[in-house]
Amino acid sequence: MKAITLTDPDNPRSLALTDAPMPQLKDGEVLVRVAAAGVNRGDLVQAAGKYPPPKGESEIIGLECAGVIEDPGTTGRAKGEEVGCLLAGGGYAEYVAVPEGQLLPKPDNLSLAELAGVVEVACTVWSNLGMLAGVAEPHADGTAKKVLIHGGAGGIGSFAIQLCKALGCEVATTAGSAEKLEYCRELGADITINYREQDFAEELRGWADVILDMVGGPYLEPNVKALATDGQIVVIALQGGAKGEISLGRMMPRRQSLHATTLRARPRTMKADIVRSTVEHVWPLIEAGLIRPNISATFPLAEAARAHDHLDSGASTGKIVLEVR
Ligand SMILES: NC(=O)c1ccc[n+]([C@@H]2O[C@H](COP(=O)([O-])OP(=O)(O)OC[C@H]3O[C@@H](n4cnc5c(N)ncnc54)[C@H](OP(=O)(O)O)[C@@H]3O)[C@@H](O)[C@H]2O)c1
C-alpha cells in the first residue's frame, strides 16, 4: 500500500508518499480502506519527533480516519461498512488496522471526509467535557454549566463550542484574532475574548464551571482566577509549556480541581468506552444537525506536508482533512 513516511527524521516536513507494508490484523481488528484522514496538531508534533506512538501501535502518522471495512477479520462486521476510526496511529495511509471498539458508525448526513475530521475531536471533547467534567448535567438549581473553551477557532475548540451549546451550556471562548472570534460567535459562543489583547482571567473572574485548556503551564494561574467555586480545569495540551505556578490556597476553599488527560495514551479498553459513550451522546447531536463538522481545507494525501504547513501557519479554522481516495 501507499502511506506517508517521514523520510528525514530531522526534517518534520519530509513527508513523502511511499510504499509501506500492509497492516497485519490482530484478533479483534478490522482492516479499513481509508477514504480520508483528519490532520491533528499531534501529527505535527509526531513528525517533529516529539510524540511517538504508544508501544505496539503503527508508526505511521494519523490519529483518525474514515473509510470502508475491507476485511472484518474475526469481528463479524460486514465488508463494505462505512466507518470512522479513532487511531493511535496509521491514518495517513491507504489501509489501516483498527480495533473494533474504535470504530464509529457514519452518520447519514456526513461525508466520509467530514467523518474523518470529526472522530478525534468528538472523542476528545466528549471524554473531557462530558464524561469527566459533566457539562451536560446542569447545576442543582437547574441553571446550565458555564464553560470556558480556549482556542475556540481550532479543531477542538470549534467542536467544543457547538457541543456545549447543543447541551444548553453558556460558552465563553478565547481566540487570537477578530476574524476567529467572529467565527466562534457564528458557532454559538456567548462571550468571546481576544487572548492577545484582553486578560481573560480579569474578564471572567470566577465565572467558569469548567475550563477546557490547551495552553498548559502559563494558563494555570489565570485559569484558576477565571474558575467558579466547585469548578474544574481540564488540560489537554501544553502549547505554552508543561510547567507553571498554581495557587492551591485559592483552589482549596473553592473546592476546585485540575485534570490533565490524553486520549492517545489510553488503553484500548478505555478508548472503546469513550467511543461507545461518544456515539451514544454526541452522534445524535450530529445527526440532528446541531453540530456540524468544520472542514476548512482538504489536501491530497501526497501533500501531507502542505497540510501540516497550513495548520502550523495558524491561518486555518476548524479542521484540515487529507483525501486518500
Ligand atoms: N489530550 C488529548 O487527548 C488531545 C486530543 C486532541 C488534541 N489535543 C491537543 O489540543 C490542542 C488543540 O488541538 P486542535 O486540533 O484544536 O489544534 P488547532 O486546530 O491547531 O488549534 C490550536 C488552538 O490553540 C489556540 N491557542 C494557541 N495559543 C493560545 C493561547 N495562548 N490562548 C488561547 N488559545 C491558544 C489557537 O488559537 P488561535 O488560532 O486563535 O491563536 C488554536 O485555536 C493541540 O495542542 C492538540 O495537540 C489533545
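We count ligands from 1, going down the list as the structure has it; atoms in each ligand are counted the same way.
- For the pair Arg41 and ligand 1, the shortest N or O to N or O distance falls below 3.5 Å.
- Each of Val224, Leu220, Leu148 was checked for a side-chain contact (heavy atoms from CB on, under 4.5 Å) with Ile233, and the lone residue meeting it is Val224.
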| task | Take Thr278 and Trp283 through the side-chain hydrogen bond (donor to acceptor under 3.5 Å, both in side chains) test and state the conclusion after the steps. | result | CA-CA 7 Å; Thr278 303; Trp283 254 221; over 6 Å; no
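- Looking at Val215 against ligand 1, only its side chain comes within 4.0 Å, counting heavy atoms.
- The shortest N or O to N or O distance between Lys180 and ligand 1 is below 3.5 Å.
- With hydrogens left out, the protein atom closest to atom 8 (N) of ligand 1 is Ile236 O, 3.9 Å, a heavy atom.
- For Glu179, no heavy-atom contact with ligand 1 is shorter than 4.0 Å.
- Annotation for ligand 1: atoms under 4.0 Å from non-hydrogen atoms of Tyr219 are 30 (C), 31 (N), 32 (N), 33 (C).
- With salt bridges taken as basic N to acidic carboxylate O contacts below 4.0 Å, one links Glu202 and Lys225.
- In terms of polar-atom proximity, defined here as any N/O pair under 3.5 Å, Ala153 makes no such contact with ligand 1.
- For atom 28 (N) of ligand 1, the closest heavy atom belonging to the protein is Tyr195 OH, 3.8 Å.
- In this structure, atom 40 (O) of ligand 1 lies nearest to the protein heavy atom Gly176 N, 2.7 Å.
- Leu263 N, 2.7 Å is the protein heavy atom nearest to atom 3 (O) of ligand 1.
- Residue Ala237 has no N or O atom closer than 3.5 Å to an N or O atom of ligand 1.
- Under 4.0 Å from ligand 1, the heavy atoms of Thr261 that appear belong solely to its backbone.
- Less than 4.0 angstrom separates some heavy atom of Gly42 from each of these atoms of ligand 1: 47 (O).
- Side chains of His259 and Asn128: a donor-acceptor N/O pair is absent below 3.5 angstrom, by distance only.
- In this structure, His308 has its ring center under 6.0 Å from that of Tyr92.
- Scanning the protein for heavy atoms near atom 6 (C) of ligand 1, the closest one is Glu120 OE2, 3.2 Å.
- Of all atoms in ligand 1, listed by their number and element, those nearer than 4.0 Å to a heavy atom of Arg196 are 41 (O).
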| task | Go through Arg77 and Glu29 one step at a time and tell me if the salt bridge (charged side-chain N to carboxylate O under 4.0 Å, His left out) criterion holds. | result | CA-CA 10 Å; Arg77 292 274 185 152; Glu29 291 181 343; over 6 Å; no
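- Between Met214 and ligand 1, no pair of N/O atoms sits closer than 3.5 Å.
- Taking Glu70 as the reference, Arg33 meet the salt bridge (Lys or Arg N to Asp or Glu O under 4.0 Å) condition, with sequence neighbours excluded.
- Side-chain contact of Asn40 with Lys319: a donor-acceptor pair under 3.5 Å is present, judged by distance alone.
- Polar contact with ligand 1: absent for Thr124 (N/O pair, distance under 3.5 Å).
- Salt-bridge check for Arg306 with Asp309: failed, with every basic side-chain N at 4.0 Å or more from each acidic carboxylate O.
- Screening Thr173, Ile156, Asn223, Ile193 for a side-chain contact (heavy atoms from CB on, under 4.5 Å) involving His150 leaves a single residue, Asn223.
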| Asp19 vs Lys2, salt bridge (charged side-chain N to carboxylate O under 4.0 Å, His left out): CA-CA, chis, key distance, verdict | CA-CA 5 Å; Asp19 290 326; Lys2 296 282 185 200; 2.9 Å; yes
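- Atom 19 (O) of ligand 1 has Gly155 N, 3.0 Å as its closest protein atom, hydrogens excluded (heavy atom only).
- Under the 3.5 Å distance criterion, with hydrogens and angles disregarded, no donor-acceptor pair is assigned to the side chains of Arg41 and Gln46.
- Under the 4.0 Å criterion applied to side-chain N and carboxylate O atoms, Glu170 and Lys145 are not assigned as salt-bridge partners.
- Between Arg185 and Thr192, the shortest heavy-atom distance links the atoms NH1-OG1, 2.6 Å.
- Ranking protein heavy atoms by distance to atom 24 (O) of ligand 1, first place goes to Gln239 NE2, 3.0 Å.
- Of the heavy atoms in Arg264, none comes closer than 4.0 Å to ligand 1.
- Regarding atom 42 (C) of ligand 1, its nearest protein heavy-atom neighbour is Gly151 CA, 4.2 Å.
- For ligand 1, the atoms closer than 4.0 angstrom to any heavy atom of Ile156 are 6 (C), 7 (C), 12 (C), 13 (O), 14 (P), 15 (O), 16 (O).
- Looking at ligand 1, you won't find any N or O of Gly318 less than 3.5 Å from one of its N or O atoms.
- With ligand atoms numbered from 1 in the order given, ligand 1 contributes 40 (O) to contacts under 4.0 Å with heavy atoms of Ala175.
- Geometrically, ligand 1 and Gly314 share no nitrogen or oxygen pair separated by less than 3.5 Å.
- Salt-bridge check for Glu221 with Arg250: failed, with every basic side-chain N at 4.0 Å or more from each acidic carboxylate O.
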